[in-house]
Amino acid sequence: MAEFNDKKVMVTGGAGFIGFHLSKALSSLTDNLVIYDNLSSGKIENVNDVPEAKFVKGDILDTETLFSQDKMDIIYHLAAQVVVPYSMENPMEDFNTNAKGTLCVLEKARKDDAKLVFASSAAIYGNPSVFPTPENYGFHPFSCYGLSKVVGEEYCQMYREQYGLDIIITRFANVYGSRCHGVIHDFLDKLAKNPYKLEIIGTGQQCRDFVHVSDVVDALIKVGSMDSVVGEVYNLGFGKTFSVLELAKMMLSILDLQNKTVVTTTNVSWHGDVTKIWFDITKAKKELNWNPKVSLEDNIKEIITERKITK
């Protein structure tokens, strides 16, 4: 995209799962890409696999290091503490990383007069009563993680209104794909150890909107390149919901284990777990000309093939 030519772009959290895939895509669009990550959860191998980018090992709370970087044109802020149970056990650390950390990145954007794309979460909706859930549903966080993301969003809106910064907020559903260790890979790990038993944490009835990382990256590239969407908020999901039990059954069917594997549930979930995520993505489809392309079933088949899991 010509919109990124000669632009200096920073990805905070660029060594993480989504950050890696975004950085890889951006590396072909600009020669001035900076991955900024403290490697607390990000991986150095992800950095090494984007050799075109400059890597800075730094914490977003370390403003001396953050502010000393070159003047940026676009900042994608993905660095975050994203584990809901951890946020419930460590709310102050979660707040520092997600709320105060976002404020630090906003100050960097203000200093540079840079466009900022903020990665928020479905967790800001909590347990919504409207499905599919639109962007204007409002804030009803059910976890400390969700609350810290709300604070980050509110700071973004404040900086846009009071300082005139160009800011776009993107809310992620359940992003999956290569280099991610989420529920899909957790199930496959369990089945690799014992293909005849699969335990699901919770009731199995909790529902999620699974969207592939390549589709999310496509949307992020679009919002970073479009001036017309500044100030907007977008849901990024597939626009469909699956229960975790349905996901398990889908995987067992692909592996031809549906009549061989005993599926059990703990019936006890973690603090802050939400019942159902199902995004209304009408706005992103219309305003970004964006349509998620990767289906969950097709990608699970690819993952099983890549991992050489036999039926």
[X] and [Y] ion-paired at < 4.0 Å:
X	Y	value
Lys190	Asp186	yes
Lys100	Asp59	no
Asp49	Lys43	no
Asp227	Lys115	yes

Within 6.0 angstrom of [X] [atom1], more than 12 heavy atoms from elsewhere:
X	atom1	value
Glu64	CD	no
Asn291	CG	yes
Lys193	NZ	no
Lys197	NZ	no
Lys240	NZ	no

TODO: Apply the test side-chain contact (heavy atoms from CB on, under 4.5 Å) to residues Val175 and Cys180: give CA-CA distance (whole Å), side-chain angles for both, the deciding distance (0.1 Å), then the verdict.
DONE: CA-CA 9 Å; Val175 188; Cys180 169; over 6 Å; no
For [Y], does the six-membered ring have the charged nitrogen or CZ of [X] within the cation-pi criterion, i.e. under 6.0 angstrom from the centroid and within 45° of the normal?
X	Y	value
Arg110	Tyr163	yes
Lys283	Tyr234	yes
Lys276	Phe131	yes

Under a 4.5 Å cut-off applied to non-hydrogen side-chain atoms, are [X] and [Y] in contact?
X	Y	value
Arg208	Phe238	no
Val117	Ile75	no
Thr266	Ile200	no

Is there a path of hydrophobic side-chain contacts, each under 4.5 Å between heavy atoms of I/L/V/M/F/W/Y residues, joining [Y] to [X]?
X	Y	result
Val11	Ile60	no
Phe17	Val84	no
Val56	Phe20	no
Leu296	Leu198	yes
Ile74	Val216	yes

Rounded to the nearest 0.5 Å, what separates atom [atom1] in [X] from atom [atom2] in [Y]?
X	Y	atom1	atom2	answer
Lys149	Ser121	NZ	OG	7.0 Å
Thr65	Gln69	OG1	CD	7.0 Å
Leu257	Tyr196	CG	OH	7.5 Å
Ser269	Gln206	OG	CD	5.5 Å

Open item on the list: Parallel, tilted or perpendicular: which one describes the rings of Phe4 and Tyr76, with boundaries at 30° and 60°?
Closed with: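 Rings of Phe4 and Tyr76: parallel, as their planes differ by under 30°.
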For a quick check under 3.5 Å, do [X] and [Y] share a side-chain donor-acceptor pair by atom type?
X	Y	answer
His271	Ser143	no
Asp94	Gln81	yes
Tyr125	Asn235	yes
Ser120	Glu153	yes

TODO: List the steps and the verdict of salt bridge (Lys or Arg N to Asp or Glu O under 4.0 Å) for Asp70 and Lys111.
DONE: CA-CA 11 Å; Asp70 291 342; Lys111 179 174 176 287; over 6 Å; no
If you look at every heavy atom in [X] and [Y], which pair is closest and at what distance?
X	Y	result
Gly237	Pro292	O-CG, 3.8 Å
Leu147	Pro141	N-CB, 3.5 Å
Ile277	Ala122	CG2-CB, 3.8 Å
Asn48	Pro51	O-CD, 3.6 Å

- [ ] Could you walk me through whether Lys108 and Asp112 pass salt bridge (Lys or Arg N to Asp or Glu O under 4.0 Å), step by step?
- [x] CA-CA 6 Å; Lys108 167 65 174 169; Asp112 295 355; 2.8 Å; yes
TODO: Please report the C-alpha distance between Asp113 and Leu165 in whole Å, then the side-chain angles of each, then the deciding distance to 0.1 Å, and finally whether the side-chain contact (heavy atoms from CB on, under 4.5 Å) criterion is met.
DONE: CA-CA 7 Å; Asp113 192 25; Leu165 284 188; 4.2 Å; yes
Task: Test side-chain contact (heavy atoms from CB on, under 4.5 Å) applied to Val211 and Phe172, step by step - done: CA-CA 8 Å; Val211 59; Phe172 298 165; over 6 Å; no
